[in-house]
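What follows is a short report on a single structure.
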Amino acid sequence: MKLEKRWVASFGLISILAITGLFWKNSSTKYENNFLTLNDINAADTAWLLTSSCLVLLMTPGLSFFYGGMVGKKNVISTMLQSFICLGVVSLLWVAFGFSLAFGDPIGITLNGNHYGLIGNPFQYAFFDQVSVLPHTNLASTIPFVLFALFQMKFAVITPAIITGSFAERVRFISYLLFICLFTLFIYTPLCHMVWHPNGLLGSYFGVKDFAGGTVVHMSAGFAALAGVLVLGKRKNSEHIPTNIPFVLLGTGMLWFGWFGFNAGSALAANGTAAMAFATTTIASASAMLTWIFFDRLNGRKVSALGACIGAVVGLVAITPAAGFISIPLSLFFGFVAAIVSNVMLNWSKLKAIDDTLDVFACHGVGGIMGMVLTALFAEGENVSLLNGGWSIFGHHMIALVFVALFSFFGTLVLYKITNKIIPLRVSEESELMGLDLSQHNEKF
């Protein structure tokens, strides 16, 4: 059997990572001023973040069921694996350099005498150097720093997995592996740093409020999905019947369950903010689910299990940036508005024409946009949103929205082009007609 160079190179990379881990020495004193003591660990916060990390991890298998049930029978396994494999690829990237790029000391620009980060120092926490059981002074002062790093890792894992729904049934697996590495390092980590690092440009200078990932996760994935569809083109057969609606229902339940860790866990403490985020998350999703199916009926479409599931997920997406900043009644409104806008976009003929297989942009991209806009309008507190006296904050949010959209779309467009130059992204016509389960993995559903 002839070995392909691309697989030899892939095995070489995992070998290098493993051997580096064998010889890596932790620089135990270099950043010692950044850390507190074991006495500062709060047991309740730690227990909740351990639980939240498990919940967020469950979302990626949930997404694989959600997507896998929607595609044609010849592509179920390949679609599910594209989500599931992120647990391996992104986790190792996160340990090697991803976490350091996202939360290392800021590298960026100086404005008004203050330094704001565009990206983190890639070597500060490389191979989880200094990422130990001690709490970090600025990033997570009541839980072990390693727990904070692992919690954030689960967000990084699911973001490229979300993108896969857009180009399902036509992407080459090895090309996809290369793409998610590039996306994680060059799109996700800069956005994560700019929004969530205490000195990040968007969060600190622009005042962007993103409680759990409306911009960092959903907008970035949504616009990356849109770029991917335009690069790969339409499927040869874009008409198909979803293979397994019970898979979609199961995946939605797993996502909804895991989203409590996603949103409520982002409080980084077992406190009132976490409880409120827990409540707003489920109410927004419930509202969006019902709004979606009723709006479908008003437009002459049947009430469907698929529609109910999509609506529920759209509500979860839209509430994500606002979960800890608004009241429960407002969360009901968030789900209602987001469901209507996303439903209209999903059924828009021009968006249908480009063949976003599982409507990732209409659900995650548009849902993320709506969440960010509504957060900028309604976030509660003095001078933190348009309706609470924060005119400048609202303006900054809109500037940031445009920046995130352009950065995610055009940045990812470049990464697709680079990936395609190294390894062609699209499978052959013969492989596509055969189905990716057989042609890429020699397995059958």
Side-chain angles (χ1 to χ4, degrees), residues 48 51-52 55-56 58-59 62-63 66 155 158 209-215 217-219 248-298 303-344 346 362-364 366-381 384-388:
W48 171 234
T51 304
S52 295
L55 290 170
V56 182
L58 185 68
M59 292 175 69
L63 185 70
F66 183 73
F155 287 71
I158 199 171
K209 303 182 81 64
D210 185 357
F211 191 76
T215 52
V217 176
H218 296 290
M219 278 187 64
V248 182
L249 286 161
L250 173 62
T252 304
M254 292 171 70
L255 284 168
W256 198 333
F257 181 65
W259 225 292
F260 293 129
F262 200 83
N263 284 0
S266 293
L268 299 180
N271 58 18
T273 301
M276 186 56 70
F278 195 105
T280 57
T281 296
T282 201
I283 297 305
S285 186
S287 172
M289 178 172 62
L290 292 178
T291 301
W292 190 283
I293 61 174
F294 295 155
F295 190 74
D296 269 351
R297 204 69 193 98
L298 290 177
V303 172
S304 67
L306 189 64
C309 290
I310 293 172
V313 171
V314 167
L316 293 167
V317 171
I319 197 60
T320 292
F325 303 134
I326 64 168
S327 65
I328 294 172
L330 274 175
S331 70
L332 195 155
F333 179 75
F334 271 47
F336 172 78
V337 173
I340 292 174
V341 175
S342 287
N343 190 302
V344 170
L346 186 147
C363 295
H364 291 272
V366 173
I369 291 170
M370 291 306 302
M372 188 176 184
V373 171
L374 291 170
T375 302
L377 283 170
F378 295 105
E380 296 178 339
V384 298
S385 62
L386 182 63
L387 297 184
N388 287 289

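Side-chain atoms of S287 never come within 3.5 Å of backbone atoms of I283 as a donor-acceptor pair (strictly under, hydrogens ignored). Looking at S331, its side chain does come within 3.5 Å of a backbone N or O of I328 through a donor-acceptor pair.
To the nearest 0.5 Å, atom CG of residue L374 and atom CG of residue L386 are 11.5 Å apart. If you take OG1 on T273 and CG on L268, they are separated by 10.5 Å, rounding to the nearest 0.5 Å. In this structure, W256 CH2 and M59 CE are separated by 13.0 Å, a value rounded to the nearest 0.5 Å. Here the OG-CG distance, from S285 to L332, works out to 11.5 Å after rounding to the nearest 0.5 Å. The structure places CH2 of W292 at 10.5 Å from CD1 of I340, a figure rounded to the nearest 0.5 Å. Rounded to the nearest 0.5 angstrom, E380 CD and S327 OG are separated by 4.5 Å.
Counting all heavy atoms, side chain and backbone alike, A274 lies closest to A264 at O-CB, 3.3 Å. Across all their heavy atoms, S342 and C363 have their closest contact at OG-O, 4.3 Å. The minimum heavy-atom distance between H218 and G368, with the atom names listed, is CB-CA, 4.3 Å. Between A339 and A288, the shortest heavy-atom contact is CB-O, 3.6 Å. Of all non-hydrogen atoms in V56 and G261, the two that sit nearest each other are CG2-C, 3.5 Å.
Contact check for F262 versus I158: side-chain heavy atoms found under the 4.5 Å cut-off. Residues V341 and V366 form a side-chain contact, since some pair of their non-hydrogen atoms from C-beta on lies under 4.5 Å apart. When side chains are defined from C-beta on, F295 counts as touching V344, because their heavy atoms get closer than 4.5 Å.
For the side-chain hydrogen bond (donor to acceptor under 3.5 Å, both in side chains) test, no residue two or more places apart in sequence or in another chain qualifies with T291. The side-chain hydrogen bond (donor to acceptor under 3.5 Å, both in side chains) search around N388 returns S385, not counting sequence neighbours. Applying the side-chain hydrogen bond (donor to acceptor under 3.5 Å, both in side chains) criterion to T215, with sequence neighbours excluded, gives D210. Under the rule for a side-chain hydrogen bond (donor to acceptor under 3.5 Å, both in side chains), T375 has no partner lying at least two apart in sequence or in another chain.
Classification of the F260-F278 ring pair by plane angle, with boundaries at 30° and 60°, yields parallel.
Applying the salt bridge (Lys or Arg N to Asp or Glu O under 4.0 Å) definition to pairs two or more places apart or across chains, those involving residues 269-297 are D296-R301.
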Could you give the side-chain donor-acceptor pairs of residues 306-326 under 3.5 Å, partners two or more places apart or in another chain?
{"residue": "T320", "atom": "OG1", "partner": "W259", "partner atom": "NE1", "Å": "2.9"}
{"residue": "T320", "atom": "OG1", "partner": "L316", "partner atom": "O", "Å": "2.7"}

